[in-house]
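Data first, discussion second: the structure below is written as structure tokens.
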Amino acid sequence: MTDYLKGLNEAQYEAVTTLQGPLMVLAGAGSGKTRVLTMRIAHLITNLVDPFHILALTFTNKAAKEMKERIAKVVGESEARSLWMGTFHSVFARILRSEAHYLGFPSNFTIYDSQDSLNVIKKVIKELNIDSDLYKPKKVQARISSYKNNLITVKAYFNNPELIEADERTNMKHIGLIYQKYVEACYKNGAMDFDDLLLKTNELLTRFPEVLAKYQDRFRYILVDEYQDTNHSQYLIVKALASKFENICVVGDDAQSIYSFRGANIYNILNFKKDYPDAKTVSLEQNYRSTQNIVNAANVVISKNVQQFKKNVFSDNEEGEKIKVYRALSDADEANFVAGNIWELHHSQQRKFSDFSILYRTNSQTRAFEDALRKKNIPYRVYGGLSFYQRKEVKDLIGYLRLLVNENDSEALFRVINYPARGIGETTQNKLIVFADSQNISVSQVLDNLGFYAPQLGLNNGVLTKLSDFWSMIKAFQVLLKTENVYNIAMEVAKRSGLIKFLKDDQTPEGISRVENVQELLNSMQGFIEEQQQLEDGNPSLSNFLENIALSADTQKDKEDDGTDKVSLMTIHLSKGLEFPIVHLVGLEENLFPSFMSSSTREELEEERRLFYVALTRAEKQVYFTYAVSRFQWGKITDAEPSRFLSEVDTQFIEFINPAIESRFVNHSGLKSNIFDDAPSEPRFFKKQDPKKKLSRAENPEPQSLPKNLKPISTAKIINPSGQSSEDIEVGDKVRHDRFGIGEVTFLDGTDPKNIKAKVVFQHEGEKNLILKFAKLTKI
DNA sequence: AACTCCGTAGTTTTT
DNA sequence: CTACGGAGTT
């Protein structure tokens, strides 16, 4: 029965079998952390701890799911089921639902994702007549988020002169007001954002001792994975819950803390001993994953950080090959090299495609690699990126569903009230909002009693009918909630709301793909129903479905996770906890990695360095570093210099690959390919600007349009942008457009000289419909 | 009210 | 390059 204890090393064994009291496990990369966590839970259960009393908090849903499966293999399906394991957000969302009444929230509260919350913030800023150029919504959102993560409520904010002063000093004196209005709006909408799920849990546990007691008693054994990435809010929750039994085990690696941008506080792990003076510490230092060369290279880099525990991570594996560095001429060259390399190793070493990963700093780097892999017919899968559930058409349908579950969610209401268009425009919507505010009721209450309020709304009968039709439709959908399953409800909504028909009317490729996405969403509901049926505590309700998608970032997983052999592409952040035989770490350039947003302070830079460490330690056998000397970025080609991290990896671990000769011809920049001519230490300002690099990326760059002030006015008449064109453009004319380049006019429409529309087929851009008055076409 | 085009600003990582 | 908001048209 205790077979699972065999094969553990001494430190692992201690971590698994120390069941009582506080325990900190410092788990170096690849040291078998997941295994220890899994075995520890299994060991608890075999030692007759009721799984009901165990809470395991992970950082991602994926980690939770994986671990649960592994535990089930050891202790059996039925024992594993009643275990509570999940992310902080999902576990506490569930608790908040059952205790919502304490906080004055409905139990069916909506969970706002970042986009939703940003929308609300934008509206608040607009409503307050605050200049959104000075108060960038994203910035405001980040600041509010950091307040919430540090438990600074609106009230606490206004009671703290220091905070107010600090905001005044940075010319953001209205932040407090926006924060207040934002919180009010969420409350009215019956909605919580991600940070609220933690903040409100704290509120619940501090304000209501009986609730705290209840959960303390339930969660007698608490395990927290990735403890180095917990924020203050999460830290306090754990501390409160564990304070009765103090059977708390935290697992983490300070060298892998990479989420401080989201409030993660590395001091939570650094100070664990202060919180629990009796705590036992176990260090897992043997890396079983990677070759010695990789582990040693990673150690050298991370040792540059000031802030860290001393650790001695080592590997007994083979020494392994050196890290290979490829210097690319452009981002396309880089991608081609990587794809070519994968192809080559796939054949020469019979590597599976799934042995490879491509890791990058930013999601926008994916495209080049997708192109290159597709060209070579290499199967791949992109993880992360824009979530399936964030696509507009998907969010629209979800908007309806949200509204059914929580009709106070005005975000959802106004998203769908006129989509597809049903004649309820902005003016009408504004009247509804203003009126509801003046009466201090919600818009849904106005719509519930439309007849009663109609005289005061100042809307004509036509609009009133449309409103009442819309609302009856919603009410009819709500009736379905009682009898139908998620799939049937959504299907009915998609049909009866006119959404499907509206999307199907668009026969462009994009339109067709939108229909497919909606179909995909419906399919995922079928999957959800089946999945929930298999769970002991399954809950196939619509509101549970919505919660699941709000809290899960893993995209279209069900569809694509078909076990086929694919190369993995993802950001380094997403790769944490994973491993691959061969890793390509790409885009190793200053201002990209480390990101230009994070190069200003030592702390930021150290986090980037930890990120680099994480990337490097994903690899088992072989690592390739690549960087490009020029990169197509923001529509322009920009110069880049190698990342400082490259020079931090001691040269003894590295081997440079000469760029393939033909890549010099592929690239038009004509740069020399000596790897030493841009040593990392070379200051930026010594770089010479190569004028040729300003060329467009197109393979056949169209003739460079002349600077505006040099247009040859003798041969072509410029249409005056403000209207009166005195020279006629005719069908068949060749024209030049500032943005679209050169094209031919194929069709003209309209008699009013101020309002002539032209169809123009451009060489590169295809057919466009333009209004002459605005298009600034030049006849050539 | 709905649609279209233009211009500009913003570009990190994710529950 | 893209996403969004504004401004103008139909």
### Message
Suppose we call a contact any N or O donor and acceptor under 3.5 Å apart; does that hold for the side chain of A:T60 and the base of B:dT15?
### Response
no

### Message
Can you see if the side chain of A:N61 gets near the phosphate of B:dT14 - specifically, an N or O under 4.0 Å from OP1 or OP2?
### Response
no

#### Entry: Spacing between A:I549 atom CD1 and B:dT14 atom P, to the nearest angstrom
19 Å

### Query
NA contact type, A:K122, heavy-atom cut-off 4.0 Å: base, sugar-phosphate, or nothing?
sugar-phosphate

#### Entry: Lys/Arg-Asp/Glu bridge criterion (N-O < 4.0 Å) met for A:R415, A:E411
no

### Task
Compare side-chain N and O positions of A:T428 against OP1 and OP2 of B:dA1 and report whether any pair is under 4.0 Å apart.
yes

### Query
How long is the line joining CG of A:D371 and P of C:dC1, in whole Å?
14 Å

### Message
Between C:dG5 and B:dT12, how many Å separate the two C1' atoms, rounded to a whole number?
### Response
24 Å

### Query
Counting side-chain heavy atoms from C-beta on, which of B:dT12, C:dG5, B:dA1 comes nearest to A:M597?
B:dT12

### Query
Are any non-hydrogen side-chain atoms of A:S575 and A:S357 less than 4.5 angstrom apart?
no

### Query
Does the separation of the ring centres of A:F59 and A:Y259 fall below 6.0 angstrom?
yes

### Short side-chain N/O contact to B:dG10 OP1/OP2 from A:K136, under 4.0 Å
yes

### Query
Looking at A:R367, does any N or O in its side chain come under 4.0 Å of the phosphate oxygens OP1/OP2 on C:dT2?
yes

## Note on the structure
Here the distance between atom C1' of B:dT11 and atom OH of A:Y360, to the nearest Å, is 17 Å

### N/O (side chain, A:N363) to phosphate O (OP1/OP2, B:dT14) under 4.0 Å
yes

### Task
Please work out which of the three classes, parallel, tilted or perpendicular, describes the rings of A:Y419 and A:F502, given edges at 30° and 60°.
perpendicular

### Query
When the distance from CG of A:D131 to C1' of C:dG5 is rounded to whole Å, what number comes out?
14 Å

### Task
Name the closest nucleotide to the A:R262 side chain, picking from B:dT12, B:dT15, B:dT11.
B:dT15

#### Entry: A:S364 vs C:dC1: side-chain N/O to OP1/OP2 distance below 4.0 Å
no

### Query
Considering only the P atoms, how many Å lie between B:dT13 and C:dC4, rounded to the nearest integer?
15 Å

### Message
Using whole Å, what does the distance between atom C1' of nucleotide B:dT14 and atom CZ of A:F388 come to?
### Response
19 Å

## Note on the structure
Whole-Å distance, A:F59 CZ to B:dT13 C1', equals 10 Å

### Message
Against A:H573, only a single residue in A:Y360, A:F261, A:F593, A:Y383 fulfils ring pair (Phe, Tyr, Trp, His ring centres under 6.0 Å); can you say which?
### Response
A:F261

### Contact under 4.0 Å: A:T571 side-chain N or O vs B:dT12 OP1/OP2
no

### Proximity to the side chain of A:E608 - top-ranked nucleotide from B:dA1, B:dT12, B:dT14
B:dT12

## Note on the structure
Checking B:dT12, B:dT13, C:dG5 against the side chain of A:H573 (C-beta onward), the nearest is B:dT13

### Query
More than 12 foreign heavy atoms under 6.0 Å from NZ of A:K392: is that the case here?
yes

### Query
Separation of A:L118 atom CG from B:dG10 atom P, in whole Å?
13 Å

### Task
Between C:dG6, B:dT12, B:dT11, spot the one nearest the side chain of A:K138, thanks.
B:dT11

